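Below you'll find the structure I mean.
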Amino acid sequence: IVLSTFEGEMVNASVVGDHPGADTALLRLERPLLIPVIKWGDIRNLSVGDPVFMIGHPTRMGTWVTTVGNLEQFASLENAPGFEAGVNHEKFWFSAPGMSGNSGSPVFDMNGEVVGLLYANEADVDLLPLPLQLHTSIRFLKQMQSAATAAHQVSSLVTEFLAGEGVK
């Protein structure tokens with residue numbers, strides 16, 4: 001796996017662990033990068049209607065895109081696909097449009113803390129390459145929703161991935 005920074009710097013990475021049900025993976029870079037560190041937040045501290053935003057790199061856009069929406073609903077799903085019995089999938093829905101290729105994008109609260117990771121959207125209008133403005137307009141007109149795994153669950157998965165390697 002090769003990652004590219006905003007400055008165009010390339011760095012090799014390997015997978016430490018992944019969880020298909022949460023559409024989450026942890027990568028280890030071959031060397032450290034001098035980039036800002038983002039903080040984990042907690043979606044449970046927000047209320048329905050609170051604003052959230054997402055920064056992603058959708059497949060058909062060719063650039064970084066920031067979308068803004070509102071928190072719409074929380075859920076804790078029992079027996080969700082990809083999760084072992086007894087482990088609920090902590091997720092939430094929000095109105096910022098998610099597009100193909102945005103999976104894994106961080107969802108932020110207005111303090112800039114990551115409260116979730118995008119993994120799905122309700123419908124697929126990504127069949128055609130659409131300009132961002134048109135794509136976003138269609139999403140809002142159809143009242144599309146995006147879904148994210150809650151950051152507190154992703155943080156727990158990261159801890160599990162690292163523990164599997166003997167890292168504390």
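Here the structure is a predicted model, which means the values were calculated and not measured.
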Atom pair CD/CZ of Glu113 and Phe108 - distance to nearest 0.5 Å: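 Answer for the CD-CZ pair, Glu113 versus Phe108, is 10.5 Å.
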Under 3.5 Å donor-acceptor, Asp42 side chain and Arg44 backbone: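 Checked: pair present.
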Closest non-hydrogen atom pair between Val16 and Phe161, with its separation: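 In this case the closest contact between Val16 and Phe161 is CG1-O, 3.9 Å.
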ILVMFWY cluster, Ile35 and Leu27 together (side-chain gap under 4.5 Å):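 Yes, one cluster joins them.
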4.5 Å side-chain heavy-atom contact, Met110 and Phe53: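 They are in side-chain contact.
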Test side-chain hydrogen bond (donor to acceptor under 3.5 Å, both in side chains) applied to Asn45 - qualifying residues, sequence neighbours left out: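 Listed in chain order: nothing, the list is empty.
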Other ILVMFWY residues reachable from Met10 by side-chain steps of under 4.5 Å: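 Cluster partners of Met10: Val2.
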Heavy-atom pair with the smallest gap, counting every atom of Gly56 and Ser105: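 Here Gly56 and Ser105 meet closest at CA-OG, 3.2 Å.
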Straight-line distance of Ile43 CD1 to Gln153 CD, nearest 0.5 Å: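 Reported to 0.5 Å precision, the distance equals 13.0 Å.
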Pairing residues for Gln73 by the side-chain hydrogen bond (donor to acceptor under 3.5 Å, both in side chains) criterion, not counting sequence neighbours: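 In terms of side-chain hydrogen bond (donor to acceptor under 3.5 Å, both in side chains), with neighbours along the sequence ignored, Gln73 is linked to no residue.
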Linked, directly or transitively: Leu117 and Ile55 (ILVMFWY side chains, under 4.5 Å):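 Yes, it is one cluster - the side chains of Leu117 and Ile55 are joined through contacts under 4.5 Å.
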Nearest heavy atoms of Val48 and Glu72, plus distance in Å: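 What the structure gives for the nearest pair is CG1-O, 3.5 Å.
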Nearest heavy-atom neighbours spanning Val52 and Leu71: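 Residues Val52 and Leu71, closest heavy atoms: CG2-N, 4.3 Å.
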Interatomic distance, Leu26 atom CG to His19 atom NE2 [nearest 0.5 angstrom]: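 Here the interatomic distance stands at 13.5 Å.
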Intermediate values then yes/no, side chain to side chain contact (heavy atoms under 4.5 Å, CB included), Thr24 and Tyr119: CA-CA 8 Å; Thr24 299; Tyr119 75 88; over 6 Å; no
Heavy-atom side-chain proximity of Val115 to Phe92 below 4.5 angstrom: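 Of all side-chain heavy-atom pairs linking Phe92 with Val115, at least one is under 4.5 Å.
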Hydrophobic cluster identity match, Val15 and Leu33, side-chain contacts under 4.5 Å: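 Yes: a chain of side-chain contacts under 4.5 Å links Val15 to Leu33.
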Glu90 side chain to Ala150 backbone, donor-acceptor under 3.5 Å: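 Between the backbone of Ala150 and the side chain of Glu90 there is no qualifying donor-acceptor contact (under 3.5 Å).
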Distance in Å, Leu157 CG paired with Asp18 CG, rounded so as to fall on 0.5 Å steps: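 That separation rounds to 10.0 Å.
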Met54 reachable from Phe74 in the ILVMFWY side-chain graph, under 4.5 Å edges: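 Shared cluster, yes.
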Minimum heavy-atom distance between Ser146 and Ala96, given as atom pair plus value: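 In terms of heavy atoms, the two residues are closest at OG-O, 2.7 Å.
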Interatomic spacing from CD in Glu30 to CD1 in Ile1 - rounded to 0.5 Å: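 Spacing of CD (Glu30) from CD1 (Ile1) equals 12.0 Å.
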Minimum heavy-atom distance between Lys91 and Ala147, given as atom pair plus value: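 That would be CE-CB, 4.5 Å.
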